[in-house]
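Quick notes on the structure that follows.
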Amino acid sequence: TDTVIPNNKYKDNKNIKPIHVYFRATAINNLAFNGSNLKKITAPLVTKIAMNAFENCEDLEELRLGSFNYKTGMNTSFSLRNCRNVKKLILGDNSNIIMSEYTTRLAYGNPNIEIYTNSGKKYNKNTFKFE
């Protein structure tokens with residue numbers, strides 16, 4: 001029922017439920033899941049995510065964030081640093097990921113990550129575009 005996941009909500013918590021679903025949430029704040037044992041998250045209405053909300057989540061495998069339009073900038077991007085098990089990321093249809101952000105923020109921990117838009121376009125790691 002939360003619409004905002006507050007700062008430090010699950011920071012470094014290794015005992016949370018590994019799968020979180022937030023059907024009403026629109027924002028994920030600073031360090032919300034940082035360092036936790038989060039494995040999967042579904043938050044279809046989220047439009048704001050703090051840069052460090054998911055960093056250091058070693059168990060994280062999948063993020064379904066279909067309304068979040070990832071773009072260059074502090075308020076429109078986030079990092080998956082030290083999330084080496086991430087396999088799948090689903091973003092909003094208007095996402096635009098430039099090469100430097102792909103390599104330093106999203107694929108930094110796992111270069112095999114697959115990224116899709118909510119409508120099913122796949123991110124091409126060679127052209128750095130959704131196709």
Side-chain angles (χ1 to χ4, degrees):
T1 60
D2 292 337
T3 57
V4 174
I5 301 158
N7 294 347
N8 303 308
K9 173 83 175 180
Y10 300 105
K11 185 178 185 313
D12 296 325
N13 187 332
K14 301 295 185 190
N15 298 311
I16 64 169
K17 290 181 186 177
I19 299 172
H20 281 249
V21 178
Y22 293 96
F23 287 118
R24 296 183 65 211
T26 58
I28 301 174
N29 287 338
N30 288 323
L31 305 168
F33 292 97
N34 192 301
S36 73
N37 65 321
L38 178 69
K39 194 169 189 169
K40 293 182 181 181
I41 186 167
T42 299
L45 300 179
V46 166
T47 56
K48 293 182 181 180
I49 300 174
M51 180 62 69
N52 55 10
F54 299 111
E55 289 182 352
N56 306 309
C57 291
E58 294 179 9
D59 298 332
L60 187 61
E61 293 180 2
E62 186 175 305
L63 295 96
R64 293 180 171 269
L65 310 166
S67 293
F68 184 82
N69 290 312
Y70 191 103
K71 297 182 188 273
T72 302
M74 290 299 288
N75 296 322
T76 53
S77 65
F78 59 88
S79 171
L80 295 175
R81 282 182 167 263
N82 300 321
C83 299
R84 57 184 157 263
N85 289 312
V86 173
K87 295 176 180 102
K88 190 172 189 180
L89 172 61
I90 299 173
L91 299 167
D93 290 339
N94 293 319
S95 294
N96 181 25
I97 304 169
I98 61 173
M99 180 178 71
S100 62
E101 295 211 359
Y102 173 77
T103 56
T104 63
R105 293 186 182 169
L106 297 177
Y108 180 83
N110 184 357
N112 297 316
I113 186 174
E114 291 189 357
I115 305 172
Y116 298 89
T117 63
N118 198 37
S119 62
K121 290 184 179 178
K122 186 174 181 180
Y123 187 72
N124 185 321
K125 300 168 191 175
N126 298 314
T127 63
F128 302 102
K129 295 186 187 308
F130 287 99
E131 301 173 347

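Computed from a predicted model, the values in this text were never measured in an experiment.
Distance CG/Asn37 to CG/Asp59: 6.0 Å, rounded to 0.5 Å. Remark: Ile49 CD1 to Thr76 OG1 distance equals 10.5 Å, nearest 0.5 Å. Ile41 contributes atom CD1, which lies 5.5 Å from atom CG of Leu38 (distance to the nearest 0.5 angstrom). Here NZ of Lys88 is found 5.5 Å from CD of Glu62. Values are rounded to the nearest 0.5 Å. Here the OG-CG distance, from Ser77 to Asn96, works out to 11.5 Å after rounding to the nearest 0.5 Å. Rounded to the nearest 0.5 Å, atoms CG (Leu65) and OG (Ser67) are 9.0 Å apart.
In this structure, the side-chain hydrogen bond (donor to acceptor under 3.5 Å, both in side chains) partners of Tyr108, at least two apart in sequence or on a different chain, are Arg81. Applying the side-chain hydrogen bond (donor to acceptor under 3.5 Å, both in side chains) test to Asn56 and every residue at least two apart in sequence or in another chain returns Asn34, Asn82. With sequence neighbours left out, the side-chain hydrogen bond (donor to acceptor under 3.5 Å, both in side chains) criterion links Thr42 to no other residue.
Hydrophobic clustering (ILVMFWY, side-chain heavy atoms < 4.5 Å, transitive): Phe128 and Phe78 are in one cluster. Taken together through direct or relayed side-chain contacts under 4.5 Å among Ile, Leu, Val, Met, Phe, Trp and Tyr, Leu63 and Tyr10 form part of one hydrophobic cluster. Follow the hydrophobic side-chain contacts under 4.5 Å out from Phe33 and you never reach Ile90; the two are in separate clusters. Hydrophobic clustering, with ILVMFWY side chains joined whenever heavy atoms are under 4.5 angstrom apart, groups Leu80 together with Ile28. By the rule that hydrophobic residues join a cluster once side-chain heavy atoms approach within less than 4.5 Å of another member, Val4 and Val21 end up as members of separate clusters.
With a 4.5 Å cut-off on side-chain heavy atoms, Arg24 and Thr3 count as touching.
Within 6.0 Å of the NZ atom in Lys39, the count of heavy atoms belonging to other residues, nucleotides or ligands does not exceed 12. The 12-atom threshold is exceeded at NZ of Lys11, counting heavy atoms of other residues, nucleotides or ligands nearer than 6.0 Å.
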**Item:** Stepwise side-chain contact (heavy atoms from CB on, under 4.5 Å) test for Arg84 and Glu58
**Value:** CA-CA 6 Å; Arg84 57 184 157 263; Glu58 294 179 9; 3.5 Å; yes

**Asked** Please walk me through it: do Val46 and Tyr22 pass side-chain contact (heavy atoms from CB on, under 4.5 Å)?
**Response** CA-CA 9 Å; Val46 166; Tyr22 293 96; 5.8 Å; no

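No donor-acceptor pair closer than 3.5 Å links the side chain of Lys48 to the backbone N or O of Asn29. Side-chain atoms of Asn118 never come within 3.5 Å of backbone atoms of Gly92 as a donor-acceptor pair (strictly under, hydrogens ignored). With Asn52 contributing its side chain and Asn30 its backbone, the two residues share no donor-acceptor pair below 3.5 Å. In this structure, Lys71 contributes its side chain and Asn94 its backbone to a donor-acceptor pair below 3.5 Å.
In plain terms, the two heavy atoms of Asn85 and Asn110 that are nearest each other are C-ND2, 4.1 Å. Between Gly35 and Lys14, the shortest heavy-atom distance links the atoms O-NZ, 2.6 Å. Here the closest non-hydrogen pair linking Tyr102 and Pro111 is OH-O, 3.6 Å.
Applying the ring pair (Phe, Tyr, Trp, His ring centres under 6.0 Å) test between Tyr123 and each of Tyr70, Phe130, Tyr116 identifies Phe130 as the sole match.
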